[in-house]
Amino acid sequence: MEQLFVSSSTEETQEIASRLATKLEQGTTVCLYGNLAAGKTTFTQGLAAFFRIPRLVSPTFIIMRQYPVTSHPVIKTLNHLDLYRLNSVEEIKAFDVEEIWSDPSNLLIIEWPEKFVDILPHKRIDIFLKATTDDEREIKIITHW
Ligand SMILES: Nc1ncnc2c1ncn2[C@@H]1O[C@H](COP(=O)(O)OP(=O)(O)O)[C@@H](O)[C@H]1O
Ligand SMILES: [Mg+2]
């Protein structure tokens, strides 16, 4: 399934993300593609807001942040991974990603997934973000399952 949205503000991007989160019955892998400042972390904040995680910050320097979720029947952890600084498959595997994405209690959100697209699970949601003006973003959501 493929959906296309146009967002005119940070808040609208977060709203689109929260609406996607309402449809998740269990944890999955959400891949966020797009240039710097396209809105990948902003989108992730919208997902986090749905799960009542108040303050999600970019994990760029520490690669992964994990947040406990208590508001969902199946999803118990939101895992936010930023691959920007990683360069090899060994490095990403060291974060136990295979264990994380095979467990339905984990929601895994990945920024810069294009670097490792070959090893990502086939069952995932791909989200392509593109800045069209300062405040406008095209958001394409493709669900693979
Ligand atoms: N419609 C919009 N959607 C998302 N971010 C927007 C939008 N308009 C402006 N912005 C700004 O663009 C920047 C996006 O940053 P961020 O989410 O950290 O991007 P990324 O993680 O892709 O590098 C933020 O400063 C945000 O306020
Ligand atoms: Mg980011």
Side-chain angles (χ1 to χ4, degrees), residues 1-24 26-69 71-72 75-103 105-145:
M1 190 177 66
E2 189 172 318
Q3 293 165 285
L4 185 64
F5 299 90
V6 177
S7 157
S8 319
S9 67
T10 300
E11 293 72 26
E12 203 178 332
T13 295
Q14 291 175 342
E15 184 55 42
I16 291 164
S18 291
R19 232 179 298 139
L20 173 68
T22 64
K23 297 187 193 133
L24 298 177
Q26 56 170 54
T28 187
T29 302
V30 176
C31 293
L32 295 167
Y33 307 79
N35 292 337
L36 222 59
K40 302 181 291 299
T41 299
T42 301
F43 193 96
T44 307
Q45 285 164 342
L47 293 171
F50 172 79
F51 293 105
R52 305 199 197 123
I53 294 162
R55 192 172 162 275
L56 179 139
V57 291
S58 178
T60 301
F61 294 98
I62 63 158
I63 318 299
M64 181 153 74
R65 288 184 197 273
Q66 297 176 298
Y67 302 84
V69 172
S71 60
H72 194 275
I75 297 171
K76 298 299 169 197
T77 311
L78 184 154
N79 305 269
H80 185 197
L81 185 62
D82 187 333
L83 302 180
Y84 188 64
R85 294 159 69 88
L86 297 193
N87 294 305
S88 72
V89 170
E90 287 67 37
E91 279 177 297
I92 156 173
K93 286 190 174 168
F95 284 88
D96 292 332
V97 285
E98 290 159 314
E99 205 174 301
I100 292 171
W101 67 49
S102 57
D103 179 348
S105 76
N106 284 313
L107 175 61
L108 175 61
I109 301 155
I110 307 180
E111 298 192 33
W112 299 100
E114 47 273 77
K115 295 175 112 180
F116 299 101
V117 86
D118 292 344
I119 69 158
L120 297 176
H122 294 295
K123 191 181 166 197
R124 64 175 192 258
I125 302 175
D126 282 333
I127 302 178
F128 298 88
L129 296 119
K130 195 165 111 188
T132 40
T133 68
D134 275 358
D135 290 326
E136 203 173 86
R137 302 291 185 273
E138 260 178 33
I139 302 174
K140 195 201 278 181
I141 302 180
I142 303 175
T143 307
H144 300 276
W145 54 60

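Each ligand, and each atom within it, is numbered from 1 in the order the structure gives. The shown structure was predicted, so the numbers you read here are calculated from the model rather than taken from an experiment. All residue numbers refer to positions in the sequence shown, counting from 1.
- Atoms of ligand 1 lying under 4.0 Å from any heavy atom of Thr42, numbered from 1 in the order shown and given with element: 4 (C), 5 (N), 14 (C), 15 (O), 16 (P), 17 (O).
- Side-chain N or O atoms of Arg137 include one that pairs as donor or acceptor with a backbone N or O of Thr133 at under 3.5 Å.
- Checking Thr41 against the Mg ion (ligand 2), an N/O/S atom falls under the 2.8 Å cut-off.
- For Glu111, the N, O or S atom closest to the Mg ion (ligand 2) goes by the atom name OE1.
- Counting heavy atoms closer than 4.0 Å to ligand 1, residue Glu12 contributes nothing at all.
- Of all protein heavy atoms, the one closest to atom 11 (C) of ligand 1 is Arg137 NH2, 3.7 Å.
- Using a 4.0 angstrom heavy-atom cutoff, Asn35 counts as in contact with ligand 1.
- Within a 4.0 Å radius of atom 17 (O) of ligand 1, the protein has at least one heavy atom.
- The shortest N or O to N or O distance between Ser8 and ligand 1 is not under 3.5 Å.
- Not a single donor-acceptor pair under 3.5 Å links the side chain of Lys40 to the backbone N or O of Ile110.
- The protein heavy-atom contact nearest to atom 27 (O) of ligand 1 is Thr10 OG1, 3.0 Å.
- For the pair Asn79 (side chain) and Leu107 (backbone), a donor-acceptor distance under 3.5 Å is present.
- The ligand atoms of ligand 1 that sit less than 4.0 angstrom from a heavy atom of Glu111 are 21 (O).
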Can you list the steps and then say if Asp103 with Ser105 is a side chain to side chain donor-acceptor pair (under 3.5 Å)?
CA-CA 5 Å; Asp103 179 348; Ser105 76; 3.0 Å; yes
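- Nearest heavy atoms, Pro59 versus Asp82: CG-CB, 3.7 Å.
- Scanning the protein for heavy atoms near atom 14 (C) of ligand 1, the closest one is Ala37 O, 3.4 Å.
- Using a 30° and 60° split on the angle between ring planes, Trp112 and Tyr84 fall in the tilted class, from 30° to 60°.
- A distance-only check finds no donor-acceptor pair linking the side chain of Glu136 to the backbone of Thr132 [under 3.5 Å].
- Atoms of ligand 1 lying under 4.0 Å from any heavy atom of Ala38, numbered from 1 in the order shown and given with element: 19 (O), 22 (O).
- Of the protein's non-hydrogen atoms, the one nearest atom 3 (N) of ligand 1 is Thr13 OG1, 2.6 Å.
- Of all the listed residues (Thr41, Leu36, Asp135, Leu129), Thr41 holds the heavy atom that lies closest to atom 21 (O) of ligand 1.
- At a heavy-atom distance under 4.0 Å, only backbone atoms of Asp134 (N, CA, C or O) approach ligand 1.
- Using a 4.0 angstrom heavy-atom cutoff, Ser9 counts as in contact with ligand 1.
- With hydrogens and angles disregarded, a donor-acceptor distance shorter than 3.5 Å links the side chain of Gln45 to the backbone of Leu56.
- Side-chain N or O atoms of Thr77 include none that pairs as donor or acceptor with a backbone N or O of Asn106 at under 3.5 Å.
- A distance of 6.0 Å or more separates the ring centres of His80 and Tyr67.
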